[in-house]
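Have a look at the structure below, then the notes.
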Amino acid sequence: MSRVRRTAVRRLRALPCAAWPLVALLPGSCGDAPPGAASSDDHAPRSREPLFVEHAGAVDFTPQWGGSGRKHLTEITGGGVALFDADGDGDLDLFLPQGAALPGFVGSADFRDRLFRNDGDWRFTDVTDASGVSDAGRGIDDYTYAAACPDFDGDGDQDLYLCNVGRNRFLRNDGGRFVDATAEWGGDSSGWSTAAAFFDPDRDGDLDLYVVNYVDEDYAHPGCGPLERGPEYRSFCHPDEFPPADDALYRNEGGRLVDVTRAAGIAGSGGAGLGAVLSDYDGDGDVDLFVANDSTPNFLWRNEARAAGELALREVAGEAFVAVDRSGLSTAAMGCDFGDLDGDLDFDLLVTNLDLEENTLYRNLGDGLFEDRSSASGLGPPSFLWVGFGAEFFDGDLDGDLDLLVANGHVCDNIHLLEPTQTFRQPPHWYVNDSTGRFTQRGAEIGGYFAGRYVGRGVAIGDLDDDGDADAVVAHWERGPALLENRTRRAGAGPAWLGIELVGSGGNRSALGAHVTIEAGGWRQVEEVRGTSSYGAFHDLRLLFALRGAAAAERVTVRWPDGRSSEHGPLVAGRYHRLAIP
């Protein structure tokens, strides 16, 4: 990139969002070589268009963000979603966070976080009050951005950790009724938290917690944009207007989370974080953590512990080449996910970004290194004019490779006044993988939900109807969520599938961080149990695999979070298998 263009980009990012012009900074192909993907699989069927059917009105929910016209940054980026089994009946329930009254808010609104019970057949019942999950929306401490759902106490049900703009809360699940256990369990980070990753980096058998924090917003700030042109031009500010907030790390010591942020070297990093995702990206048998930072370099916390009980995370994003894009610039990173996109049995990384920045695809080269293949993969150019938030890899068309769903939506509700070529509502994107890590954007051809425009935010994936294919919930800023039923398997020949539910031990019964390899019909697939990824989202902890016609998986190998391994099989297709740690 030339010095002139680099300077221009940096100046653009320094402006408030409503003042960013749409300029012809077209993405280059410098450094982009075709991905060295795995060879084509003779057993792979031809890709199909997935069939997603939206269940409009399945949940009665209207997002409330507590704005007052002052354009607080807090209110424009909300829209989380969590899928988890809240009542222990074996299916996925739906949690949707809400905002709270911000300074200057006038009027009344229902700011309760909401929990919807899955009653089957795509019917959901609001059990918010009966379950006790709701923050009441009285102030910043009740402004919920996202949630994580670990089985923290190891009693067999999923608990609920709330990422708030103020003080975070931890709710213990007592048979489907949630009780505030923050005083007992800890983890009460007081920054503007946007994501929480539960994992066991020290391999002592219980769950520790990494909290992603964003910025320290000044609510007395007058707002940004060309205010001299009139109040209607007031805009949400770029996050650079506020100091980035440090993330937080909590170590589990006997069932209580103790703040070790400073001792672990997290303090002072100040990353303006929005997304997080776990992965053993370097294949060394322990779990690492990536954090997507908005307009500051990303973090990659490599786990360098050498023995059980040791906690040693080192930030290596720069040396792994995932801190910035191929131009050497940090991006307005929001959502993120890992997945084996090219069949080489390691995990590649996607980061969604602002308009005028391609979504970034970092291909895993092995040896702890990545390379920006955004353009060559086909994921970069179609994203250039859109603002990407939630993004998740999953096999939507059931052909044995990972496709991609991206929710788009601008961060300025009046962007049309300042840049007529841009819109607040934007189309979601569906990308089809050709099995080698090359993608084609096919959203418009699918129709239905994908033919519309929305202010998309979080994307959560899970098998909501337990039929063996992955469904999706897309949260929005301006309307209720889209519940997208995947009917691809039903509409086609019903390709073979395999579901895996892992049961760990002790304080990590959810097996967060586990690594699974399946072997079926002469080929292999890998996946991990992550929970948190995308943007503001928590997902089904069960893993789904398309078997490309095989009647069974001959072998399933599980590498558990504590380092132990177990082998299982053959496991017949067409059902979920519950595998417990030996």
Side-chain angles (χ1 to χ4, degrees), residues 44-45 47-54 81-84 92 275 277-279 335-343 347-350 352 359 361 377 379 388-407 428-435 437 439-443 446 449-450 456 458-475 481-492 495-501 515-516 518 525-548 576:
S47 294
R48 301 171 291 274
E49 294 291 359
L51 175 59
F52 289 109
V53 175
E54 181 181 3
V81 55
L83 294 174
F84 75 118
L92 293 172
V277 58
L278 303 172
S279 182
C336 54
D337 194 24
F338 277 105
D340 178 15
L341 307 184
D342 47 17
F347 296 101
D348 311 298
L349 172 65
L350 176 84
T352 58
N359 291 342
L361 189 281
S377 69
L379 293 176
F389 273 87
E392 193 71 9
F393 292 118
F394 66 106
D395 187 2
D397 55 12
L398 305 176
D399 64 351
D401 56 34
L402 296 179
D403 310 301
L404 175 66
L405 173 58
V406 178
H429 283 176
W430 175 256
Y431 295 89
V432 176
N433 190 345
D434 72 353
S435 82
F439 291 81
T440 303
Q441 209 286 95
R442 304 285 292 175
I446 296 175
Y449 172 79
F450 289 90
V459 173
I461 304 300
D463 188 359
L464 281 157
D465 49 11
D466 296 316
D467 66 349
D469 52 28
D471 310 300
V473 179
V474 182
L483 276 63
L484 304 178
E485 179 188 358
N486 190 340
R487 292 186 181 175
T488 307
R489 190 177 64 80
R490 241 186 286 176
W497 62 276
L498 184 77
I500 301 293
E501 179 184 2
H515 180 287
V516 176
I518 73 162
Q525 297 178 71
V526 293
E527 192 50 276
E528 296 173 313
V529 180
R530 301 189 181 103
T532 295
S533 63
S534 180
Y535 174 88
F538 193 88
H539 312 271
D540 194 346
L541 296 177
R542 300 172 297 177
L543 305 179
L544 277 173
F545 301 90
L547 296 188
R548 294 179 175 175
Y576 282 95

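Index from 1, following the sequence.
Atom CD1 of Ile518 sits about 9.5 Å away from atom CG of Leu543, to the nearest 0.5 Å. Separating the CD atom in Gln525 from the CG atom in Leu547 is a distance of 7.0 Å, to the nearest 0.5 Å. Ser435 OG to Leu341 CG: the interatomic distance, rounded to the nearest 0.5 Å, is 11.5 Å. Taking CG of Asp463 as the start and CD of Glu485 as the end, the distance is 10.0 Å to the nearest 0.5 Å. Here the CG atom belonging to Asp342 is positioned 10.5 Å from the OG atom belonging to Ser377, to the nearest 0.5 angstrom. Of the inter-residue distances, the one linking Asp471 atom CG with Leu92 atom CG reads 9.0 Å to the nearest 0.5 angstrom.
Here the closest heavy-atom approach between residue Gly388 and residue Val406 is recorded as CA-CG1, 4.3 Å. For the pair Leu405 and Ala472, the tightest heavy-atom approach, listed with the atom from each and the gap, is CD2-CB, 3.8 Å. Across every non-hydrogen atom of Arg442 and Val432, the tightest pair is CG-CG2, 3.5 Å. For Leu402 against Asp395, the heavy-atom pair with the smallest separation is CD2-N, 4.0 Å. Residue Val277 comes nearest to Ser533 through the heavy atom pair CG2-CB, 3.7 Å, listed as atom of the first residue, atom of the second, then distance. For the pair Gly400 and Ala546, the tightest heavy-atom approach, listed with the atom from each and the gap, is N-CB, 3.8 Å.
Partners of Leu541 by side-chain contact (heavy atoms from CB on, under 4.5 Å), not counting sequence neighbours, listed by chain and number: Gln158, Ser510, Leu512, Val529, Phe538. With sequence neighbours excluded, the residues forming a side chain to side chain donor-acceptor pair (under 3.5 Å) with Asn486 are Thr488, listed by chain and number. For the salt bridge (Lys or Arg N to Asp or Glu O under 4.0 Å) test, residues two or more places apart in sequence or in another chain that qualify with Asp465 are Arg490. A search for ring pair (Phe, Tyr, Trp, His ring centres under 6.0 Å) contacts involving Phe84 returns nothing, not counting sequence neighbours. Partners of Thr352 according to the side chain to side chain donor-acceptor pair (under 3.5 Å) rule, which considers only residues two or more places apart in sequence or in another chain, do not exist here. Every ring pair (Phe, Tyr, Trp, His ring centres under 6.0 Å) that Tyr431 has, sequence neighbours left out, goes to His429. Glu54 is linked by a side chain to side chain donor-acceptor pair (under 3.5 Å) to Arg479, counting only residues two or more places apart in sequence or in another chain. The ring pair (Phe, Tyr, Trp, His ring centres under 6.0 Å) search around Phe450 returns Phe52, not counting sequence neighbours. Partners of Pro481 according to the side-chain contact (heavy atoms from CB on, under 4.5 Å) rule, which considers only residues two or more places apart in sequence or in another chain, are Val59, Phe61, Leu96, Val473, Leu483. Considering only residues two or more places apart in sequence or on other chains, Asp469 meets the salt bridge (Lys or Arg N to Asp or Glu O under 4.0 Å) condition with none of them. In this structure Glu528 satisfies the side-chain contact (heavy atoms from CB on, under 4.5 Å) test together with Ser279, Asp280, Phe347, His515, Arg530, sequence neighbours excluded. Applying the side chain to side chain donor-acceptor pair (under 3.5 Å) rule to Asp466 yields the partners Arg542; only residues at least two apart in sequence or on another chain are considered.
In this structure, the side chains of Ile461 and His539 come closer than 4.5 Å at one or more pairs of heavy atoms. At a threshold of 4.5 Å between non-hydrogen side-chain atoms, the residues Leu544 and Leu498 do not count as touching. Using a 4.5 Å cut-off on side-chain heavy atoms (C-beta onward), Asn433 and Phe393 make no contact. Side chains of Tyr449 and Val474 form a contact here, defined as non-hydrogen atoms less than 4.5 Å apart. Contact check for Leu83 versus Leu464: side-chain heavy atoms found under the 4.5 Å cut-off.
Phe439 has its ring centre no less than 6.0 Å from the ring centre of Trp430.
Across Leu379, Leu404, Leu349, a single residue satisfies side-chain contact (heavy atoms from CB on, under 4.5 Å) together with Leu361, and that is Leu379.
In this structure, the side chain of Ser534 does not engage the main chain of Glu392 through any donor-acceptor pair within 3.5 Å.
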